[in-house]
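Data block below; observations after.
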Amino acid sequence: MSSSAPEIHVTLPDGKILTVARGTTGADIAAMIGPGLAKAALALEVNGKDYDIFRPIEEDATVKIITRKDDKALEMIRHDASHIMAMAVQELFPGTQVTIGPSIEDGFYYDFARNQPFTPDDLPKIEAKMHEIVKADLPTRRDVWPREKAIAHFKELGEQYKAELIESIPAGEDVSLYWHGDWHDLCRGPHFASTAKIGDAFKLTKIAGAYWRGDAKNAQLQRLYGTAWRDKKELEAYLTRMEEAEKRDHRKIGREMDLFHQQEEAAGQVFWHDHGYTLWRTLENYVRRKIAHAGYIEVKTPQLIDRKLWEASGHWENYRENMFIAEVEEENKILAVKPMNCPAHIQIFKDGLKSYRDLPLRMAEFGSCHRYEPSGALHGIMRVRAFVQDDAHIFCTEAQITTESAAFCQLLMEMYRELGFTEVRVKLSTRPEEHRIGSDQQWDIAEKALADAMDAAHLPYTINPGEGAFYGPKLEFVLRDCIGRDWQCGTLQVDFNMPGRLGATYIAEDGNRKNPVMLHRAILGSMERFIGILIENYAGKFPLWLAPVQAVVATIVSDADGYAQGVQTALKKAGIRADIDLANEKINYKVRQHSLAKVPYLLVVGRKEAENRTVAVRKLGVEKQEVIGLEALAAQLAEEATPPDLA
RNA sequence: GCCGGCUUAGCUCAGCUGGUAGAGCACCUGAUUUGUAAUCAGGUGGUCAGGGGUUCGAAUCCUCUAGCCGGCACCA
């Protein structure tokens, strides 16, 4: 590379090479290509790095011009919007310090340090100011400063957080500053050439607290969230999507479909009603069949276990604060309500001699657990203090880890698919920096085994560095709720430590006692959370096999009451969960009621049907009805209601 | 746990700057026997989340507590 030549070569995506003056900008290049592109160009990629449209190119490069339809442009709209919001906030609320403000999925946020809290009334004001700034079309300027100068500058302005941010950049490096009119911020960029480029399709959405640098030990800042799009139509579509999502909220549907309720006296716990518990049992039985088929045994262990066992397992030390305790004065004992099942399963493993011939031993339990979760973490039935895990522990040899892990991943994906989930995110959480037990060598083996299992199952995953459990690495299988929040459901954890700590051994082929390796695993995770996700995924319109009420027989006139009861009996005999509605109401009313209740099949009977032993079938969401003979209907529904593993 | 907001009938929500509570649906009672998304009429129902305070007077103002909602932190 000749750094002093007056000209440089610029390679375009189509392979064309332009020879241009050193210091030429993206805007210049776009203009050379054509006036249309000159207008549309917003930013560019230079040798894979993001450049502002007005930033000079100083060396030979491959460039790609970014226009509004590129995803990158949407990201920039959001990033620019966060800057413009910060500018608006500092104009409206002098003395507010800026910190960081990135673009995120669907929008952006900016964290501010300010003594006064922002109120919901402030959002429209800030939004209006933002529109002013956009209309003013302030030009953007990029400056590169030495690190020390930038630190001194922001300190002088009283921007402590910005100064701290720059201080964490390695010494000797330059930093970039962006100016929009008079206002400026430390930023990596890139940004549009002026404020008007973002358009007007943005909206501020919420106020939240957020810790400086994501650490609860630090000061809490005020975060303002917003959403931003290419145009109004996209913005409207997003807002409509959010409105629709609210309608599938499991808490709302849970009440509407009479599935469960929660109340103050049992915060973080669930009162399951008949309909909800029917769904629960259907799901539980499905899991039970699947794991039995996969070679698991099922056990049940105590709720209250002496603290001594939790001390031995290491949980007392790590999670004492989050455990419910039961004290028995007479016996002077402290019992913990079990927060997890593994120590109990080890007790079963230890009871009696085990041989290598018993391994792998797959021990499952629908284990009821209690954890004192922080009050702010509670969320409907997704995050609760009392929950049931579809838990299991696979006791195996080191050599069996990989096959067992791969088999588990396969089982999990099969079950997720059968339950209607195809979009699953997988995260591999590796060893924590501190507070971990076991040797590095064991962590190496364990982390590799999980990665191998994912590869064997051909599943993509992301790495979550340092997020593993204190005793081992874990795979987390994450599902999304209706408004895009991620929830961990399935998990697989490799544990070389717990069996040794609690004295679990087996007789190996050579006659010596060895500690087994333990795989902690769950597929649904918590029954409560998974049902919450199921509700939101289906918006309450469950597939027939899961629906709490599968059919309602509704009469048109009371003359048909007797026949209707016969229909209900016949369906129940065929294993269908059928209700009956003999109310003195018009059929219109009944159709509406049961449609709103999301009953999959409404079976209408009047005089005609009673005479012919038929029913008029109205399927949920389908206006057209079909008249069909009673026996044929029972057979058809029974077939359709067969769980996927039995079909 | 932290920041902010919210809490009025079973549900969804009105109730202006303080003058002892209201609608729709649901529920109950009648009438109506009805053919695919609300038949009509009447009626029951609230310690306005709970405690304390200000005031002649509090759903409304202040304060504490709890729960919930949105984030953050946490999640064996």
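In what follows, every heavy atom counts, from backbone to side chain, and hydrogens, waters and symmetry copies are set aside. So you know, we letter chains A, B, ... as the sequences are listed, proteins then strands, and number each from 1.
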Under 4.0 Å between a side-chain N or O of [X] and OP1 or OP2 of [N]?
| X | N | answer |
| --- | --- | --- |
| Asn588(A) | A37(B) | yes |
| Arg223(A) | C3(B) | no |
| Tyr225(A) | G4(B) | no |
| Arg251(A) | G70(B) | yes |
| Ser558(A) | U33(B) | no |

Polar pair under 3.5 Å, donor/acceptor by atom type, side chain Arg383(A), base C74(B):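 Counting by modelled atom types and ignoring angles, a donor-acceptor contact under 3.5 Å is found here.
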Decide yes or no, distance alone: a donor-acceptor N/O pair under 3.5 angstrom between the base of A37(B) and the side-chain of Arg618(A).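 Under the 3.5 Å cut-off, the side chain and the base do form a donor-acceptor pair.
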Give Leu221(A) one of three labels, base, sugar-phosphate or nothing, depending on what nucleic acid heavy atoms sit under 4.0 Å from its own.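 Nothing, no heavy atom under 4.0 Å.
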Interatomic distance, [X] [atom1] vs [N] [atom2] [rounded to whole Å]:
| X | N | atom1 | atom2 | answer |
| --- | --- | --- | --- | --- |
| Gln493(A) | C75(B) | CD | C1' | 11 Å |
| Met323(A) | C74(B) | CE | P | 21 Å |
| Gln220(A) | C72(B) | CD | P | 11 Å |

Spell out, as yes or no, whether a donor-acceptor pair under 3.5 Å connects the side chain of Asp258(A) to the backbone of Asp274(A).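 No.
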Quick check: are there more than 12 heavy atoms from other residues, nucleotides or ligands sitting under 6.0 Å from NZ of Lys590(A)?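 Correct, the count exceeds 12.
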Gly468(A) or Glu609(A): which one's nearest nucleotide on RNA chain B is closer to the 5' end?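 In this pair, the answer is Glu609(A).
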RNA chain B: 5'-proximal contact among Gly621(A) and Phe470(A) (nearest heavy atom):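 Nearest nucleotide further toward 5': that of Gly621(A).
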Quiz question: by atom type and distance under 3.5 Å, do the side chains of Lys338(A) and Thr301(A) form a donor-acceptor pair?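 Yes - a donor-acceptor pair under 3.5 Å links their side chains.
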Who does A31(B) pair with, Watson-Crick or G-U, both distances under 3.5 Å?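 Pairing partner: U39(B).
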Pairing nucleotide - A49(B), Watson-Crick or G-U, each distance under 3.5 Å: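 Partner of A49(B): U65(B).
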Does the Lys NZ or Arg CZ of Arg223(A) fall within the cation-pi geometry relative to Tyr110(A) - under 6.0 Å from the ring centre and within 45° of the axis?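 No.
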Has Arg529(A) got its NZ or CZ under 6.0 Å from the middle of the six-membered ring of Phe387(A), at an angle within 45 degrees of the ring axis?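 No cation-pi geometry.
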Mind checking the C1' distance from G50(B) to C68(B)? Whole angstroms is fine.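 Their C1' atoms lie roughly 15 Å apart.
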